[in-house]
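Below is one structure, written out as structure tokens, with a few remarks after it.
Just so you know, residue 1 is the first one in the sequence shown, and it goes up from there. Fair warning: this is a prediction, and the values are worked out from it, not measured in the lab.
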Amino acid sequence: MAVTADSQRLDAQRIRADFPYLEELQDGKTLAYLDSAASTQKPRQVLDAMTRFYETSYANVHRGVYRLAERATEELESAREKVCALLNAPSAREVVFVRNATEGINLVAYSWGLNELGPGDVVLVTELEHHSNFVPWQYVAARTGAAFRMLPLGEHGELRLDLLDEVAGSDTVKVVAVGLTSNSLGTNNPVEQLAAWAHERGAIVVGDAAQAAPHRALDVQTIGCDFVALSGHKMCGPSGAGALWGRAELLERMEPFLLGGHMIRSVGDETTTWGALPHKFEAGTAPMAEAVGFGAAIDYLSAIGFDAIEQHEHELVTHALGALGELPWVTTYGPPPERRAGIVSFNVDGVHPHDVAQILDMEAVAIRAGHHCCQPLMRKLGVVATNRASFYLYTIPDEIDRLVAGLHRARHVFA
Ligand SMILES: Cc1ncc(COP(=O)(O)O)c(C=O)c1O
């Protein structure tokens with residue numbers, strides 16, 4: 001177990017032994033991988049579970065009556081139960097496997113939005129949103145004639161809940177789309193409060209949990225969202241498997257998103273009826289091995305404990321903000337450590353973020369530079385791009401110190 005007995009502190013050094021990427025050296029150095037908000041590295045336990053599935057349980061699911069196919073189906077459904085438990089969802093029927101959070105949100109925007117929205121309705125997003133929880137809503141609003149509005153941010157990149165009534169006016173807000181945690185600034189948003197406001201007005205709430213689910217325990221029965229989307233690859237799982245949770249009564253009423261095999265009840269020459277939940281939303285062959293890997297990742301993270309992971313990231317982000325705060329030529333963005341996940345966006349005076357990231361790569365430090373799929377936020381901050389360092393359970397303070405040393409070098413070279 002990689003959590004020390006005396007407290008809920010996580011033992012990152014022991015955890016690192018599970019991650020093969022750390023065995024590969026870059027220019028003789030261990031890679032300081034500080035881009036976990038984009039995608040996380042994978043532990044052996046996840047890779048082994050997928051290999052085992054391919055070697056011993058592989059067949060197409062929900063189709064065959066032979067034992068191998070039944071075993072494959074059981075493995076997929078067991079992974080669904082794990083996602084259900086992760087989110088404390090009332091039923092695994094409410095958990096739909098999708099490729100990633102983007103697909104989950106598109107599913108809701110198309111299947112719910114195209115049918116429920118119209119002229120006179122308001123779609124409300126926030127200035128913090130990732131494009132995945134912004135563009136589908138902007139598009140569906142335009143297609144249906146609904147108004148598309150943004151809740152502004154305050155000084156530290158936090159939502160201005162005090163402006164909600166003003167932004168809505170006397171119009172009918174039908175949906176509020178909000179990220180639980182910002183991928184650019186790390187801000188943990190007060191989603192429960194926002195959901196209470198939305199529900200009072202009869203709106204549904206679509207929560208983008210792509211950056212929250214990897215880092216803290218979530219409970220869809222208390223968080224106030226009607227839908228929650230997440231990506232397995234951002235929480236030690238493989239690419240290609242994510243999940244959408246939705247309230248059964250909403251999912252039941254919705255039209256399917258993708259059409260084809262597996263999602264039907266019966267196909268007539270003229271019309272087709274849809275299968276039961278969640279299959280109505282799972283057309284075609286499922287991401288089977290990916291779902292099994294996602295389930296193994298949930299087991300892995302749950303054994304360590306989300307409280308320990310959150311605490312570890314809090315310590316890292318406090319360390320990073322402290323160290324960056326001592327450099328007068330570095331600007332950091334976002335709230336104080338208490339209200340953010342392990343993500344830090346910053347800029348170095350006079351040095352383009354891409355140049356910073358390139359210099360850091362020479363030091364075997366991997367960070368992200370760009371708009372982070374948040375162009376509305378970048379406009380709000382008045383920048384075209386930022387650097388972003390993001391941490392996870394395998395990150396250690398020494399890697400943040402290497403980042404800071406690399407920034408000194410970047411400044412020396414460019415500024
Ligand atoms: C907050 C947030 N939402 C959505 C996404 C989209 O995730 P994916 O690319 O896995 O669909 C990301 C990815 O960075 C994200 O950070």
Note: [X]-[Y] ion pair, threshold 4.0 Å (strictly below):
X: K280; Y: E255; result: no
X: R402; Y: E363; result: no
X: R80; Y: E77; result: yes
X: E75; Y: R52; result: no
X: D171; Y: R149; result: yes
X: D35; Y: R388; result: yes
X: D355; Y: R411; result: no

Rounded to the nearest 0.5 Å, what separation is found between the [atom1] atom of [X] and the [atom2] atom of [Y]?
X: I304; Y: H312; atom1: CD1; atom2: NE2; result: 10.0 Å
X: M150; Y: L377; atom1: CE; atom2: CG; result: 10.5 Å
X: F391; Y: L34; atom1: CZ; atom2: CG; result: 6.0 Å
X: L22; Y: Q41; atom1: CG; atom2: CD; result: 7.5 Å
X: Q358; Y: H354; atom1: CD; atom2: NE2; result: 9.0 Å
X: C225; Y: W245; atom1: SG; atom2: CH2; result: 7.5 Å

When you measure from the side chain of [X] to the backbone of [Y], do you find a donor-acceptor pair of N or O atoms at a distance under 3.5 Å?
X: K82; Y: A296; result: no
X: K42; Y: H233; result: yes
X: S91; Y: R93; result: yes
X: S390; Y: S36; result: yes

Count the heavy atoms of every other residue, nucleotide or ligand shown that sit under 6.0 Å from [atom1] of [X], and state whether that count exceeds 12.
X: R216; atom1: CZ; result: yes
X: Q221; atom1: CD; result: yes
X: E24; atom1: CD; result: no
X: E166; atom1: CD; result: no

Please name the pair of heavy atoms, one in [X] and one in [Y], separated by the smallest distance, quoted to 0.1 Å.
X: F53; Y: A72; answer: CE1-CA, 3.9 Å
X: M50; Y: G293; answer: CG-CA, 3.6 Å
X: D121; Y: K174; answer: OD2-NZ, 3.1 Å
X: A291; Y: F97; answer: CB-CZ, 3.9 Å
X: G246; Y: F227; answer: CA-CD2, 3.6 Å
X: N115; Y: S111; answer: ND2-O, 3.1 Å

Donor + acceptor pair across side chains of [X], [Y] (<3.5 Å):
X: E313; Y: H215; result: yes
X: T187; Y: S182; result: no
X: N189; Y: E158; result: no
X: D219; Y: N88; result: yes
X: T126; Y: E129; result: yes
X: T331; Y: N347; result: no

Carefully, step by step, assess H62 and T73 under the rule side chain to side chain donor-acceptor pair (under 3.5 Å).
-> CA-CA 6 Å; H62 296 130; T73 303; 5.2 Å; no
Mind running salt bridge (charged side-chain N to carboxylate O under 4.0 Å, His left out) on R44 and D18 for me, showing each step along the way?
-> CA-CA 6 Å; R44 258 186 211 92; D18 294 334; 5.4 Å; no
Taking C-beta and beyond as the side chain, do F306 and E310 meet within less than 4.5 Å on heavy atoms?
->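 The answer is no; the side chains never approach within 4.5 Å.
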Note, V206 side chain near V175 side chain (heavy atom, < 4.5 Å) |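 V206 reaches V175 side chain to side chain.
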Can you label the angle between the Y110 ring and the Y139 ring as parallel, tilted or perpendicular, going by 30° and 60°?
->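 Y110 vs Y139 ring planes: tilted.
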Using 30° and 60° as the class limits, which term best fits the ring planes of Y33 and Y394: parallel, tilted or perpendicular?
->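 Because their plane-to-plane angle lies in the 30° to 60° range, the rings of Y33 and Y394 count as tilted.
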Taking the six-membered ring for Trp and the single ring otherwise, decide whether the centroids of H352 and F414 are under 6.0 Å apart.
->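 No: the rings miss the under 6.0 Å criterion.
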From CA spacing to verdict: ring pair (Phe, Tyr, Trp, His ring centres under 6.0 Å), W137, H131 = CA-CA 10 Å; W137 295 112; H131 295 163; over 10 Å; no
Take H130 and H372 through the test ring pair (Phe, Tyr, Trp, His ring centres under 6.0 Å) and record every step on the way to the result.
-> CA-CA 8 Å; H130 186 281; H372 317 299; 9.7 Å; no
